[in-house]
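Just so it is clear: chains get the letters A, B, ... in the order the sequence lines come, proteins before strands, and each one is counted from 1. The basis for the numbers below is simple: all heavy atoms, side chains too, and nothing from hydrogens, waters or symmetry mates.
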Amino acid sequence: MGLLRAGLCPGLTQDVVQLLRGRGIRTVVDLVSADLEEVAQKCGLSYKALVALRRVLLAQFSAFPFNGADLYEELKTSTAILSTGIESLDKLLDAGLYTGEVTEIVGGPGSGKTQVCLCVAANVAHGLQQNVLYIDSSGGLTGSRLLQLLQARTPVEEEQAGALQRIQVVRAYDIFQMLDALQDLRSTVAQRVSGSSGTVKVVVVDSVTAVVSPLLGGQQREGLALMMQLAQELKTLARDLGLAVVVTNHMTRERDSGKLKPALGRSWSFVPSTRILLDTGEGAGASGSQRTACLIKSPRLPTGFQETVDIGTWGTLKQSPALQGHPT
Amino acid sequence: MCSAFHRAESGTEVFTVTCLFRATSSSTSALLIVCLHTVLLLLARLEGRSSLKEIEPYLFANEDSPVLGDILEFHGPEGTGKTEMLYHLTARCILPKSEGGLEVEVLFIDTDYHFDMLRLVTILEHRLSQSCEEVVKRCLGRFFLVYCSSSIQLLLTLHSLEAMFCGHPSLRLLIVDSLSAFYWIDRVNGGESVNLQESTLKKCSQFLEKLVKEYRLVLFATTQSIMRKTSHLREGPSSAFSHLSDAGVDYRPYLCKAWQQVVKHRIFFSKDDSKTSNQFSLVSRHLKSNNFKKHFFIIGESGVEFCSYVS
């Protein structure tokens, strides 16, 4: 979208393009914001034709407003809430992962982010019988761990195999490979490839920091622009295809105060709708596999709630007793 | 006569008729009907309320209250309640008069795919005395949502929405959430020249100003605080910014000058960082008179609730 060229829309012939270019009108925006009477006089084109052209271009390139009532009807039927398979996380997420939204799991090294992602993938593939696209950029995904999680849920081998088949793994080690993978997903869904038995309902990106943080830093703006482009791609994918997107992010220290905060900066903080912070439990009684999950951003629940989760038992469906935290 | 046709150009039905008549220049009675139609639409729009007090009495209850034709900017970091405030204002506008609303239409332009319809419905259900499907649907019928994925698409969409403003005289509130969503992408697409980088947003700001003045709307636009806090004051008139740091606000203007010039009110949102309170605060600043007002609010199930004390 941008430059005017022949064939862009009906009525835009090469002659018209040349005449307009002669008067300095090169792009769609130029034509739409120009004074058409003046242009008609200078170019010798008919005013009626120009106005019609303007209308066609606007209809083609601008966005169409939706009525709230229609949108609500559509969302009521298409929005789904997918359980993560971890009861305490589900409580923080207000019943589970919402389709149409991006949820972020952020935490330091060893806090269990990859385990959460694997658990979500296993639960969605086996429990909910839906397809999962798992984009791995940190190398944390191993087939054996997935199998272990599935074996803990069901002893039946066919079910395990079926669930594994529903998880599609893509390894993306830089941002362009990741954008490609997301684009491929779009075209697969658009063509409705009948190879897979179901539709992809969850996209897991583990982790987004691994591909974006090498681009940031210094005075370069390109890194930030690429990050925002990835953000836009993830959000539009979630919205257009009705899927839930889960991303993981690392922690970094603030420059002045040394406090820990989620990485990728302020611009990224606006991207996910929900953010859950995983922390290794502190204090004397914390055993090796205990983690605390804290809700730090949510569009529908007050923030600050904490839940304790035990990674050791995540594989099984029986959960550790969840301790209700006070809003801190 | 000519100027009325120019104005009406954007209203589609009116336009097609005038176009035909230009070409054939026939019966004046039909021409008269067209003119009357335009004039009636324009009049219906001009007779609106002239102040925003009813939209939110807490925010807009002083002498500086914004009038129709004003542009307000909501600025703040993530998680400070800007979008919730927009839902609150939207709910107040689309609720029927019997439930304390204004029964006017709202157009919401979403640039970062952020809008949560289910949350708006929850807020509406909590505010209605009898929340049945029918009433909620009728309220939502007054709400329009547009998604934009780039600043060029935003500009073109504003142009094509002009027809909508013409044809909906009860459309009073325009919301853009958020205007800074394409900031980094625009900066890279514009190459090395700052002018080129800012040109689309500049055109958007100018067109928004034109739309708001011509159709007597109010525009609420959010901008995100994506720049890090400055450790010392660097640019701009030092008096203006020292006021801001006194009020505890972290503001570093980064959008184009054209946008800074069209904004009449700037409202800064922040959240109390201490773990004991769930309170949000906003500082409302009228740019001409330089008055500051601080308000506190909490966010509940039914949306934003203002705390009754004001500092």
In Å and rounded to the nearest 0.5 Å, what is the [atom1] to [atom2] distance from [X] to [Y]?
| X | Y | atom1 | atom2 | result |
| --- | --- | --- | --- | --- |
| A:Arg300 | B:Ile123 | CZ | CD1 | 11.5 Å |
| A:Glu101 | B:Tyr113 | CD | OH | 15.5 Å |
| A:Tyr72 | B:Met117 | OH | CE | 9.0 Å |
| B:Trp184 | A:Leu226 | CH2 | CG | 13.0 Å |
| A:Leu301 | B:Ile299 | CG | CD1 | 12.5 Å |
| B:Asp116 | A:Tyr98 | CG | OH | 8.5 Å |

Contacting moiety of [X], where chain B heavy atoms sit under 4.5 Å:
| X | answer |
| --- | --- |
| A:Glu222 | both |
| A:Arg239 | side chain |
| A:Pro302 | side chain |
| A:Leu75 | side chain |
| A:Ser267 | both |
| A:Ser33 | both |

Side chain, backbone, both or neither of [X] within contact of chain A (heavy atoms, under 4.5 Å):
| X | answer |
| --- | --- |
| B:Lys82 | side chain |
| B:Phe115 | backbone |
| B:Gln197 | side chain |
| B:Leu161 | side chain |
| B:Glu133 | side chain |
| B:Arg187 | both |
| B:Phe207 | neither |

Would the number of heavy atoms belonging to other residues, nucleotides or ligands and lying under 6.0 Å from [atom1] of [X] be above 12?
| X | atom1 | answer |
| --- | --- | --- |
| A:Arg186 | CZ | yes |
| B:Glu134 | CD | no |
| A:Glu73 | CD | yes |

Nearest non-hydrogen partners of [X] and [Y], listed with the distance:
| X | Y | answer |
| --- | --- | --- |
| A:Pro65 | B:Met164 | CG-SD, 3.9 Å |
| B:Tyr147 | A:Ala63 | O-CB, 3.0 Å |
| A:Leu71 | B:Leu145 | CD2-CD2, 3.1 Å |

Judged by atom type as modelled, is there a donor-acceptor pair below 3.5 Å linking the side chain of [X] to the main-chain atoms of [Y]?
| X | Y | result |
| --- | --- | --- |
| A:Asn67 | B:Phe144 | no |
| B:Glu78 | A:Arg266 | no |
| A:Lys235 | B:Asp112 | yes |

Looking at side-chain heavy atoms only, is the closest gap between [X] and [Y] below 4.5 Å?
| X | Y | result |
| --- | --- | --- |
| A:Arg221 | B:Asp186 | no |
| A:Phe270 | B:His114 | no |
| B:Thr200 | A:Val29 | no |

Per-residue tally against chain B (heavy atom, under 4.5 Å) across A:Ala231, A:Ala59, A:Gly68 peaks at A:Gly68
Under 3.5 Å, is there a donor-acceptor pair between the A:Ser62 and B:Ser160 side chains?
->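 Per modelled atom types, A:Ser62 and B:Ser160 side chains form a pair under 3.5 Å.
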*Between B:Lys271 and A:Thr303, is a side chain to side chain contact (heavy atoms under 4.5 Å, CB included) present by the stated rule, with each step listed?*
CA-CA 12 Å; B:Lys271 180 156 188 217; A:Thr303 56; 3.4 Å; yes
